[in-house]
Amino acid sequence: MTQKRGVFIGQRKDRMGARLLMILTCIRLAEDFETDYRVNWFPQGADAPELDQPEELFTTDWMDAHFLNQPEFDALNETALPIWAFQNDPSPERLMDHLASGRSVLVEEGFEVLAFPWEDIEAIRPRYRDFIRGVGFVDKVRQIMDRADEKLSGQGVSAYHIRRGDILNGLPWKHSTWPAKIEPEEFYEVHLEKSRGQTAIMFSDQPELIVRFKQRFPQLMQMSDIAELSGLTRAQRDFLELYAMSRADQVIAPYISAFSMAAARISGQQRKVFRDVLTEEELQGANERVIERVAQGPAEFLNPSEAAHIYAKAAQYLSAQDRSEEAYESAKPILDTGADNAFMPLLQSLNCFYLSKWQESETLAREGLENPHLWPEDYAVMCALRGAILGVQGKRWAATRHFAKAFWAKPLRPDVVVLGSRMLYRSHLAHRLLPPVDWSLQRTVRQRRFPPFNNLYLVQHKVVSWRPCNFDFVLLDWADLALDQRARRLFDQRKRLEALSSALDDLPDLPADDPRLQSAQVVLQKHLGEVSGAQAIDRTRRIVAEVPENTLYQKRLAELYEAEGDTDAAQKTMAEALACDPESPFLLYAMGLLLERTGQIGQGEKLILQAADQDEVSVAIQGMAGQIHMRRGNKKKARPYLEKARDLYPPYKRFTNQLNRLSG
């Protein structure tokens, strides 16, 4: 009996664009690897209720042939491998053997045209435009697809996508900025003026914007010029707009938009952003017009929320041009009009910071932190900003408390890094609230500046003149205090380790035999595989002998012993570190974790609880203490630790959830 070949199984949990592209990718793979494809349309955890009735889009025959139910998916998935498992292969042999053996391949890639190393992606990309016709759409949908082809295909059409919708009005999206998803109207206007006489069509989740554009550009098409969609379901409307957009010769949209990105991929081309179609001079002119409109007040926008989101883009350009006073004045009417976007106090506090309005800046930051809608990343930035303001005011203890909350939550966030660097360079940090770190060395361990406007609220040169610190130097020893999972995975990310090693190699005016430098280099070399564990121990023992009171070097030696399996030496060395500073919550915590890892659970938990009683700023330590009492069934004792962990960083919901369970 001939064994049945494996198939490609596509699944996505998100919305229309990603799911369609996943299906087209499966069609392509099935065609090229001589097999079939299946679709798991209802994966567990899917979050797109508008797609829960696929019969609105697809014929019964097509779904019967290609859809999987849960038992069928589970059976195939038992021996399936993800497509990425083959993406580093130099040839197709292993994938072909896998399929020939009857095992399947799971395809979850939803936003890129997929190609293997042995394939030519530029030869594959144009084929996607025709794959869509291989999907079994219902007649009602297919008829409108035909009309879109007739009106748009091959006509030299530019399609524009304006993203607004839930970003302006939906929770929680309205409360954080989306600079890569929202582009101001002025950018579209410049390109439409530049392309007058050419056919263009505009799509938006905010219909009022299309009405506004058509008043100025009457020839501009919209979806209703192709077909009336009002009687269709949301899934049908979404698909048909996406399909129509894919028939254009070029798609122009924000940097990040799943909808327009999928349309471009389906069309077999790359989507374009405004930097691709406008000159630098045109972009600058558009930005100036954005700034002028923002200065005219919220009445120029759809609602106060749109004014706030467009202001967020304008403010950075103003600050970068040392026009912070303009940014400050333009923010006032937006706030006064009642824009309740949680990021607005943060932006205005930054303006005040640039203008040395310290008291107003601190008041805005303090009040902003009380907003329950503030996103976790924004909460960290606001904490760091408030810490920097308090540092300027000479309140080092309070400044450090706020920096610590920001850092342990989001140590890799660029705004937190830049503000923390300023505080460190200006000696605004009280080191006693922070774990043992070679702070004198950390001041000189730098990284490159972050790209302007790239995931940043602040303008770097207005905060620090030097390059920002590389705070991976702190995480080298204390990553387990971080809440952010990427920060905790420092030792799994070789590039970060190599960047830190290079930063240490580039330090000016530091002798090669300086124990601060040697100790850090040994740890990095051990994790990079450049020295053995035994060599690292020997070198670190010599450093500890030279500087016997340094608890950080003793902790590093203890961890090297533990890695080599010498738990007795590890415990003895960590105990010596603790003896040098017996009230340090961080050393108590490190010793407690070490004892737990080496089987002495009760003694380890005792030290962790002691650490929590000494600690003031570490969510991880407080949370761990609460969990110890929860495991012991001591709900009453667990509560104050969990409450402190929650109050230190409210957006981190883990401890709020645990407290709710205690009350249940």
Side-chain angles (χ1 to χ4, degrees), residues 14-18 20-21 109-113 125 158-168 170 173-192 194-195 200-206 209 213 241-242 245-246 248-291 294 305-306 308-317 319-320 341 343 347 375 377-378 413-415 449-460:
D14 43 2
R15 290 187 150 75
M16 178 71 72
L20 276 176
L21 196 62
E109 281 61 18
F111 289 117
E112 297 295 336
V113 171
R125 195 186 307 280
S158 293
Y160 300 94
H161 182 222
I162 302 182
R163 180 80 165 87
R164 292 290 187 271
D166 55 352
I167 288 178
L168 298 189
W173 319 113
K174 69 179 290 186
H175 291 294
S176 190
T177 61
W178 302 90
K181 292 192 178 213
I182 284 188
E183 292 287 16
E185 294 170 47
E186 285 76 5
F187 284 47
Y188 298 88
E189 290 171 355
V190 170
H191 193 263
L192 281 164
K194 185 177 180 177
S195 309
I201 185 168
M202 182 169 283
F203 301 87
S204 179
D205 49 14
Q206 203 77 35
L209 287 178
F213 271 95
E241 288 204 354
L242 191 149
M245 192 185 300
S246 79
D249 286 80
Q250 64 174 354
V251 178
I252 301 167
Y255 277 89
I256 296 177
S257 165
F259 194 80
S260 56
M261 192 179 294
R265 297 286 186 267
I266 290 168
S267 74
Q269 60 184 314
Q270 295 277 33
R271 184 226 22 202
K272 293 180 179 179
V273 297
F274 283 108
R275 193 159 292 281
D276 298 325
V277 297
L278 297 179
T279 66
E280 192 63 38
E281 185 178 13
E282 289 167 338
L283 289 168
Q284 290 174 2
N287 278 320
E288 284 300 324
R289 286 163 60 186
V290 172
I291 289 166
V294 167
S305 182
E306 191 197 28
H309 280 281
I310 300 300
Y311 170 81
K313 299 199 72 141
Q316 279 198 321
Y317 286 101
S319 297
N341 309 75
F343 59 82
L347 298 183
W375 279 48
E377 294 81 1
D378 296 352
R413 169 80 191 197
D415 304 86
R449 286 185 170 272
F450 298 102
F453 312 141
N454 183 35
N455 200 26
L456 279 165
Y457 280 121
L458 53 79
V459 176
Q460 290 175 85

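Note that the numbering runs from 1 along the sequence shown for the chain.
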Has [X] got a side-chain atom pairing as donor or acceptor with [Y]'s backbone, closer than 3.5 angstrom?
| X | Y | value |
| --- | --- | --- |
| Glu241 | Phe203 | no |
| Ser246 | Ser267 | no |
| Asp415 | Leu458 | yes |
| Lys194 | Val277 | yes |
| Gln316 | Leu456 | yes |

Smallest separation among heavy atoms of [X] and [Y], with atom names:
| X | Y | answer |
| --- | --- | --- |
| Leu242 | Ala263 | O-CB, 3.7 Å |
| Arg271 | Ala253 | CD-CB, 3.6 Å |
| Lys181 | Pro254 | O-CG, 3.1 Å |
| Ser158 | His191 | OG-CE1, 4.5 Å |
| Ala159 | Ala248 | CB-CB, 3.6 Å |
| Lys272 | Asp276 | CA-OD2, 3.5 Å |

Does the pair Arg163 and Glu183 meet the rule for a salt bridge (charged side-chain N to carboxylate O under 4.0 Å, His left out), with working shown? CA-CA 8 Å; Arg163 180 80 165 87; Glu183 292 287 16; over 6 Å; no

Surrounding CZ of Arg449 (heavy atoms of other residues, nucleotides or ligands, distance under 6.0 Å), is the total greater than 12?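 Yes, enclosed.
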
I want to check something: taking the side chain as every heavy atom from C-beta on, are [X] and [Y] in contact at a cut-off of under 4.5 Å?
| X | Y | value |
| --- | --- | --- |
| Ile201 | Met245 | no |
| Pro184 | Lys313 | yes |
| Leu168 | Gln206 | yes |
| Leu209 | Glu306 | yes |

About how many Å separate [atom2] of [Y] and [atom1] of [X], when rounded to the nearest 0.5 Å?
| X | Y | atom1 | atom2 | value |
| --- | --- | --- | --- | --- |
| Arg164 | Ile182 | CZ | CD1 | 5.0 Å |
| Asp205 | Ser257 | CG | OG | 8.5 Å |
| Gln284 | Thr279 | CD | OG1 | 8.5 Å |
| Ile252 | Met202 | CD1 | CE | 9.5 Å |
| Trp178 | Asp166 | CH2 | CG | 8.5 Å |
| Tyr317 | Ile291 | OH | CD1 | 9.0 Å |

Distance alone, cut at 3.5 Å: any donor-acceptor contact between the side chains of Gln270 and Arg265? yes

Scan side-chain atoms only and decide if Thr177 and Tyr457 contain a donor-acceptor pair under the 3.5 Å cut-off.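 Yes, a side-chain donor-acceptor pair sits under 3.5 Å.
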
CA sep, side-chain torsions, deciding dist, call: Tyr160, Val251, side-chain contact (heavy atoms from CB on, under 4.5 Å): CA-CA 6 Å; Tyr160 300 94; Val251 178; over 6 Å; no

Within the 6.0 Å centroid threshold, strictly below: Phe274 and Tyr255: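 Ring centres of Tyr255 and Phe274 not closer than 6.0 Å.
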
Mind checking whether His175 and Phe343 have ring centres under 6.0 Å apart? no

Can you check side-chain contact (heavy atoms from CB on, under 4.5 Å) on Val290 and Ile310, steps first, answer last? CA-CA 8 Å; Val290 172; Ile310 300 300; 3.7 Å; yes

Could you go through Glu185 and Phe213, starting from their C-alpha distance and side-chain angles, then the distance that decides it, and tell me whether this counts as side-chain contact (heavy atoms from CB on, under 4.5 Å)? CA-CA 9 Å; Glu185 294 170 47; Phe213 271 95; 3.8 Å; yes

Stepwise side-chain contact (heavy atoms from CB on, under 4.5 Å) check, Glu377 with Ser176: CA-CA 9 Å; Glu377 294 81 1; Ser176 190; over 6 Å; no

